[in-house]
Asks: 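I am attaching a structure below and will ask some questions about it afterwards.
What you see is a predicted model, and the numbers here were worked out from it, not measured in a lab. Note that ligands are numbered from 1 as they come in the structure, with each ligand's atoms numbered from 1 the same way.
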Amino acid sequence: MIKSGTVVAIPTETVYGLAGNALKSSAVKKIYQLKKRPKHNPLIVHFSSLEAIKQIAVVHPDCIKLAKKFSPGPITYVLPIKKNSGISPLVLNSKKQIACRIPNHKTFLSILKQSEVPIAAPSANMSNAVSTLRAVDVHKEFGSKIKMILDTNKIKIGLESTVIKFGSTIQILRPGAITKEMLEKTLRKKVSLPAKFKTIEAPGQMKKHYSPGIPVYLNQKKEKPNGALLVFGRYKLKGRHIFYLSKKSSLEEAAKNLYVLLRTAKEKGFTNISVHPIPNKGIGRAINDRLTRAAG
Ligand code: TXA
Ligand code: MG
């Protein structure tokens with residue numbers, strides 16, 4: 001299906017991807033249409049190896065260091081595309097750069113190897129909505145508009161990959177499970193976090209994005225009227241409006257639960273969602289980044 005240009009949903013270790021053959025503009029167009037995604041928001045392309053990325057993009061020396069350490073894994077490299085790469089120009093940003101990722105997911109990797117094509121795959125959700133971690137949520141987003149959703153065991157990470165860009169400095173365009181500290185330790189140089197309110201290079205940076213469709217309030221200790229409360233840490237709170245991100249105060253566990261709980265709270269009919277303060281370190285930075293955008 002991938003080879004022939006059909007768009008399908010495939011899980012990765014981060015979130016579900018809405019996947020299509022990156023060599024076929026017809027498939028890439030279909031992805032944009034299905035998601036109602038603005039054309040200026042480029043797509044991540046998935047590869048089976050660094051060697052495969054080297055064939056189509058100019059790989060920065062720091063990218064090689066990072067790939068050796070973190071790929072396959074939840075990290076995406078924005079690189080200049082080579083001429084005659086065969087990749088659909090629709091996936092590129094305005095500077096003709098391509099975002100490349102090697103997913104750490106057995107089935108996805110096996111599909112990449114067997115189809116022998118790079119796979120464009122943004123998160124499998126409508127543009128601006130919350131990403132999906134379960135086949136059932138992908139189905140709620142797209143219904144019969146897509147021909148196949150590959151069901152899978154529970155997704156491991158739950159937040160989209162870290163997106164980074166190379167230049168005179170290394171810049172994080174979108175924080176994720178591979179943190180600034182991890183990048184700095186491997187590269188032995190400073191890495192900068194997303195610049196707030198600057199011009200948008202990765203529309204994942206747009207202020208209102210990742211929205212569950214009802215108001216979200218950050219750093220709250222109590223719920224609001226008709227609202228749900230997402231709790232972080234060991235509390236004795238009870239009631240159908242209480243949802244635990246992590247009782248043991250694990251940021252990794254909270255990351256994995258965040259999108260599912262935002263969706264569940266809305267589906268249960270709550271009209272707003274308050275969220276406990278989340279420590280702003282490690283993957284907590286990525287959680288706060290998504291929550292800040294969810295709050296708009
Ligand atoms: O974990 C992930 O990255 C998931 C899974 C499916 O791999 N994919 C994902 O894709 O989150 P998407 O399209 O929802 O988010 C891609 C982010 C967006 O913020 C987009 O603007 C940015 O990466 N991006 C994609 N291509 C880019 C490029 N060429 N230059 C700069 N940013 C780019
Ligand atoms: Mg997305």
Asks: Ignoring angles and geometry beyond distance, decide whether N41 reaches within less than 3.5 Å of ligand 1 through its nitrogen or oxygen atoms.
Replies: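 So ligand 1 has an N or O lying under 3.5 Å from an N or O of N41.
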
Asks: Would you mind telling me if ligand 1 is within reach of the side chain of A121, the backbone, both or neither, using heavy atoms under 4.0 Å?
Replies: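 A121 to ligand 1: backbone contact only, side chain stays beyond 4.0 Å.
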
Asks: Is the distance between the ring centroids of Y235 and H276 less than 6.0 Å?
Replies: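 Yes, they do, as the ring centres are separated by less than 6.0 Å.
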
Asks: Pairing donors with acceptors under 3.5 angstrom, does anything connect the side chains of S274 and Q220?
Replies: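 Note: S274 and Q220 side chains miss the donor-acceptor criterion.
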
Asks: When only distance counts, is Y16 in polar contact with ligand 1, meaning an N/O pair under 3.5 Å?
Replies: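 By distance alone, the answer is no.
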
Asks: Quick one: name the protein N/O/S atoms under 2.8 Å from the Mg ion (ligand 2), chain by chain.
Replies: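 Atoms qualifying: S123 OG.
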
Asks: Out of all atoms in ligand 1, which are within 4.0 Å of some heavy atom of V78? Include the element for each.
Replies: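 Every atom of ligand 1 under 4.0 Å from some heavy atom of V78: 30 (N), 31 (C).
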
Asks: Give a yes or no on whether K29 atom NZ has more than 12 heavy-atom contacts from other residues, nucleotides or ligands under 6.0 Å away.
Replies: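 Not more than 12 within 6.0 Å, no.
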
Asks: Below a 4.0 angstrom heavy-atom separation, can you tell me which part of K165, side chain or backbone, both or neither, approaches ligand 1?
Replies: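 Answer for K165: neither.
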
Asks: Please name all residues satisfying side chain to side chain contact (heavy atoms under 4.5 Å, CB included) with K281, sequence neighbours left out, ordered by chain then number.
Replies: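 Testing K281 for side chain to side chain contact (heavy atoms under 4.5 Å, CB included), a comparison that skips the adjacent residues, returns L251, P279.
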
Asks: Using distance alone, decide if ligand 1 has a nitrogen or oxygen within less than 3.5 Å of any nitrogen or oxygen in N93.
Replies: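 Yes - when backbone and side-chain N and O of N93 are compared with those of ligand 1, one distance drops under 3.5 Å.
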
Asks: Hey, which atoms in ligand 1 end up nearer than 4.0 Å to a heavy atom of T14?
Replies: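 It comes down to these atoms of ligand 1: 1 (O), 2 (C), 4 (C), 5 (C).
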
Asks: Could you name the option among Q97, H40, R174, K95 that has the heavy atom nearest to atom 29 (N) of ligand 1?
Replies: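 Minimum heavy-atom distance to atom 29 (N) of ligand 1 goes to Q97.
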
Asks: Who's closest to atom 14 (O) of ligand 1 heavy-atom-wise, of S123, P74, P11?
Replies: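 The residue whose heavy atom sits nearest atom 14 (O) of ligand 1 is S123.
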
Asks: Among P122, P38, S127, P42, which one has a heavy atom closest to atom 24 (N) of ligand 1?
Replies: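 Looking at heavy atoms only, P42 sits closest to atom 24 (N) of ligand 1.
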
Asks: At less than 4.0 angstrom from any non-hydrogen atom of H46, what atoms of ligand 1 do you find?
Replies: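 Those atoms are 5 (C), 7 (O).
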
Asks: Can you name the atoms of ligand 1, numbered from 1 with element, that are less than 4.0 Å from a heavy atom of R101?
Replies: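 Heavy-atom distances to R101 below 4.0 Å select 1 (O), 2 (C), 3 (O), 5 (C), 7 (O).
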
Asks: Could you tell me whether K82 atom NZ has more than 12 heavy atoms of other residues or ligands within 6.0 Å of it?
Replies: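 Count over threshold, so yes.
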
Asks: Between T132 and E141, do the side chains contain an N or O donor and an N or O acceptor separated by less than 3.5 Å?
Replies: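 The criterion, which ignores hydrogens and geometry beyond distance, is not satisfied for E141 and T132.
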
Asks: A quick test of your reading: do over 12 heavy atoms of other residues, nucleotides or ligands sit less than 6.0 Å from NZ of K221?
Replies: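 It does: K221 NZ has more than 12 such atoms within range.
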
Asks: Checking the side chain of K96 only, and the main-chain atoms of I81 only, is there a donor and an acceptor separated by less than 3.5 Å?
Replies: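 A pair under 3.5 Å: no.
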
Asks: Is R37 touching ligand 1 with its side chain, its backbone, both, or neither, if touching means heavy atoms under 4.0 Å apart?
Replies: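 The side chain, only.
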
Asks: Would you confirm whether N257, through its side chain, and L245, through its main-chain N or O, come within 3.5 Å as a donor-acceptor pair?
Replies: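 Between the backbone of L245 and the side chain of N257 there is a qualifying donor-acceptor contact (under 3.5 Å).
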
Asks: Ring-plane angle category for F166 and H60, please: parallel below 30°, perpendicular beyond 60°, tilted otherwise.
Replies: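 Geometry flag for H60 against F166: parallel rings.
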
Asks: Would you tell me whether Y259 and E160 have side-chain atoms, one donor and one acceptor, within less than 3.5 Å of each other?
Replies: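 Result is yes, a qualifying pair exists.
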
Asks: Under 3.5 Å, N or O to N or O, is K35 touching ligand 1 that way?
Replies: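 It does not: no N or O of K35 is found under 3.5 Å from an N or O of ligand 1.
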
Asks: Classify the side-chain pair T12/R101 by whether it contains a donor and acceptor separated by less than 3.5 Å.
Replies: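 Yes, because at least one side-chain N or O of T12 sits under 3.5 Å from a partner of the opposite role on R101.
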
Asks: Any N or O of E160 that comes nearer than 3.5 Å to an N or O of ligand 1?
Replies: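 No: no nitrogen or oxygen of E160 is under 3.5 Å from one in ligand 1.
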
Asks: Is it the case that the side chains of T152 and Y16 hold a donor-acceptor pair, with the cut-off being a distance below 3.5 Å and no angle test?
Replies: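 Distance-only check fails for Y16 and T152.
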
Asks: Do we see a donor-acceptor contact under 3.5 Å between the side chains of T14 and S161?
Replies: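 No, because no side-chain N or O of T14 sits under 3.5 Å from a partner of the opposite role on S161.
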
Asks: Counting from 1, what ligand 1 atoms have a heavy atom of A99 closer than 4.0 Å?
Replies: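 Checking each atom against A99, I get 25 (C), 26 (N), 27 (C), 29 (N).
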
